[in-house]
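Heads up, the thing below is written out as structure tokens.
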Amino acid sequence: MVKKIKQASVLIVEDESELNEAYQIVLKHAGYTVKTSYNGQEALDILKTFNPDVILLDLRMPKVDGVAFLKAYNLKDEHPDVRVIIFSNYDMQQEIDEAFNLGAQRYMLKAWASPNELLQIVEKTLSEQ
């Protein structure tokens, strides 16, 4: 009997609907299980019943932004196996540094990421678990 490898799952937290949908299409096409949310509060609600391997997290969003999400999610203490890739279109060095201090592993400038680059970043992040 061949052991089945667990399919990786991704939560996309992105308030721009076009980008959210594009990331979802790319990741689902590559075989990932994907759930999406449009702000940090919605993501926190989803995480009550969904345990992703990777979270793609926009830093600037309405209601609960990326840094506030990471503080509430308590990545380092409660979810150390979840990998977080933060992204933004803005020069937000203070927020980026704070996100890394809260446990994020990677940063991606979303304006320049092609579908292939997105997949490479997700795959590289997963391989480092």
Side-chain angles (χ1 to χ4, degrees):
M1 179 191 255
V2 176
K3 182 179 177 186
K4 186 174 180 176
I5 297 173
K6 178 186 176 284
Q7 181 182 24
S9 58
V10 179
L11 174 62
I12 301 167
V13 188
E14 166 60 64
D15 64 315
E16 293 181 43
S17 59
E18 296 84 10
L19 285 176
N20 192 313
E21 186 175 324
Y23 296 155
Q24 182 178 4
I25 290 168
V26 168
L27 291 166
K28 279 187 174 183
H29 183 72
Y32 292 97
T33 299
V34 179
K35 292 215 180 227
T36 64
S37 64
Y38 294 89
N39 63 64
Q41 183 57 57
E42 194 175 280
L44 290 168
D45 292 340
I46 289 170
L47 289 167
K48 292 175 184 173
T49 59
F50 181 65
N51 297 310
D53 298 296
V54 175
I55 298 173
L56 294 178
L57 179 64
D58 189 7
L59 286 177
R60 189 169 284 174
M61 297 177 290
K63 295 186 184 178
V64 175
D65 67 19
V67 170
F69 166 86
L70 288 171
K71 287 177 181 176
Y73 189 54
N74 197 2
L75 188 65
K76 283 184 174 179
D77 295 330
E78 295 181 23
H79 308 280
D81 294 333
V82 177
R83 316 312 282 167
V84 175
I85 302 167
I86 54 171
F87 53 88
S88 182
N89 273 333
Y90 303 98
D91 181 16
M92 303 172 59
Q93 194 59 51
Q94 182 176 346
E95 289 90 344
I96 293 166
D97 291 344
E98 190 169 1
F100 280 122
N101 287 335
L102 291 167
Q105 285 77 31
R106 293 207 180 293
Y107 171 72
M108 176 178 90
L109 185 63
K110 63 183 173 181
W112 298 104
S114 70
N116 283 337
E117 289 169 321
L118 173 65
L119 287 175
Q120 287 173 356
I121 289 169
V122 169
E123 289 168 6
K124 185 172 183 173
T125 302
L126 280 168
S127 72
E128 294 172 348
Q129 283 188 327

side-chain contact (heavy atoms from CB on, under 4.5 Å) for Leu118 and Met108? Distances and angles first, verdict last. CA-CA 9 Å; Leu118 173 65; Met108 176 178 90; 3.9 Å; yes

State the CD1-CG distance between Ile85 and Leu57, to the nearest 0.5 angstrom. 10.5 Å

Which residues pass the salt bridge (Lys or Arg N to Asp or Glu O under 4.0 Å) test with Glu42, not counting sequence neighbours? none

Counting N and O atoms only, with roles assigned by atom type, does the side chain of Gln24 sit under 3.5 Å from a partner on the main chain of Glu21, one being a donor and the other an acceptor? no

Can you list the residues that meet the salt bridge (Lys or Arg N to Asp or Glu O under 4.0 Å) rule with Glu16, with sequence neighbours excluded? Lys110

What's the spacing between Glu14 CD and Asp58 CG if we round to 0.5 Å? 4.0 Å

To the nearest 0.5 Å, what is the distance between CD1 (Ile12) and NZ (Lys28)? 8.5 Å

Under a 4.5 Å cut-off applied to non-hydrogen side-chain atoms, are Leu119 and Leu27 in contact? yes

Taking all non-hydrogen atoms of both residues into account, name the closest pair between Ser114 and Glu117 and its distance. N-OE1, 2.7 Å

Which heavy atom in Lys76 sits nearest to a heavy atom in Asn101, and how many Å separate them? NZ-O, 2.5 Å

Of all heavy-atom pairs between Asn39 and Lys63, which one has the smallest distance, and what is that distance? ND2-CD, 3.6 Å

Between CD1 of Ile55 and NZ of Lys35, what distance do you get to the nearest 0.5 Å? 13.5 Å

Using modelled atom types and a 3.5 Å cut-off, is there a donor and acceptor pairing between side-chain atoms of Thr36 and backbone atoms of Asn20? no

Between Asp53 and Ser9 (side chain of the first, backbone of the second, donor and acceptor by atom type, cut-off under 3.5 Å), is there such a pair? yes

Taking the side chain as every heavy atom from C-beta outward, state whether Val67 and Leu102 have any atom pair closer than 4.5 Å. yes

By ring pair (Phe, Tyr, Trp, His ring centres under 6.0 Å), which residues pair with Tyr73, not counting sequence neighbours? Phe69, His79

Going by atom types only, do Arg106 and Thr125 share a side-chain donor-acceptor pair under 3.5 Å? yes

Taking atom CD of Gln93 as the centre, does the number of heavy atoms from other residues, nucleotides or ligands within less than 6.0 Å exceed 12? yes

State the NZ-CZ distance between Lys124 and Arg83, to the nearest 0.5 angstrom. 12.5 Å

Gln105 side chain to Gly103 backbone, donor-acceptor under 3.5 Å: yes

Where is the tightest heavy-atom contact between Ser88 and Leu109, given as atom of each residue plus distance? O-CD1, 3.1 Å

For Gln120 and Asn116, does a side-chain donor sit closer than 3.5 Å to a side-chain acceptor? no

Please walk me through it: do Thr33 and Val10 pass side-chain contact (heavy atoms from CB on, under 4.5 Å)? CA-CA 6 Å; Thr33 299; Val10 179; over 6 Å; no

Which residue pairs pass the ring-ring contact (aromatic ring centres under 6.0 Å, His included) test when at least one of the two sits in residues 9-46, sequence neighbours left out? Tyr23-Phe87

Heavy atoms of Ile86 and Ala99 approach each other most closely as CD1-CB, 3.6 Å

Considering non-hydrogen atoms only, spot the tightest contact between Val82 and Pro52 and give its length. CG2-O, 3.5 Å

Check each of Leu56, Ile46, Val54 against Leu11 using the side chain to side chain contact (heavy atoms under 4.5 Å, CB included) test, and report the only one that passes. Ile46

Do Phe50 and Val64 sit in the same hydrophobic cluster, where Ile, Leu, Val, Met, Phe, Trp and Tyr count as joined when their side-chain heavy atoms come under 4.5 Å apart? yes

Apply salt bridge (Lys or Arg N to Asp or Glu O under 4.0 Å) to Asp45 and list each qualifying residue two or more places apart in sequence or on a separate chain. Lys48

Sequence neighbours excluded, which residues qualify as salt bridge (Lys or Arg N to Asp or Glu O under 4.0 Å) partners of Lys71? Glu98

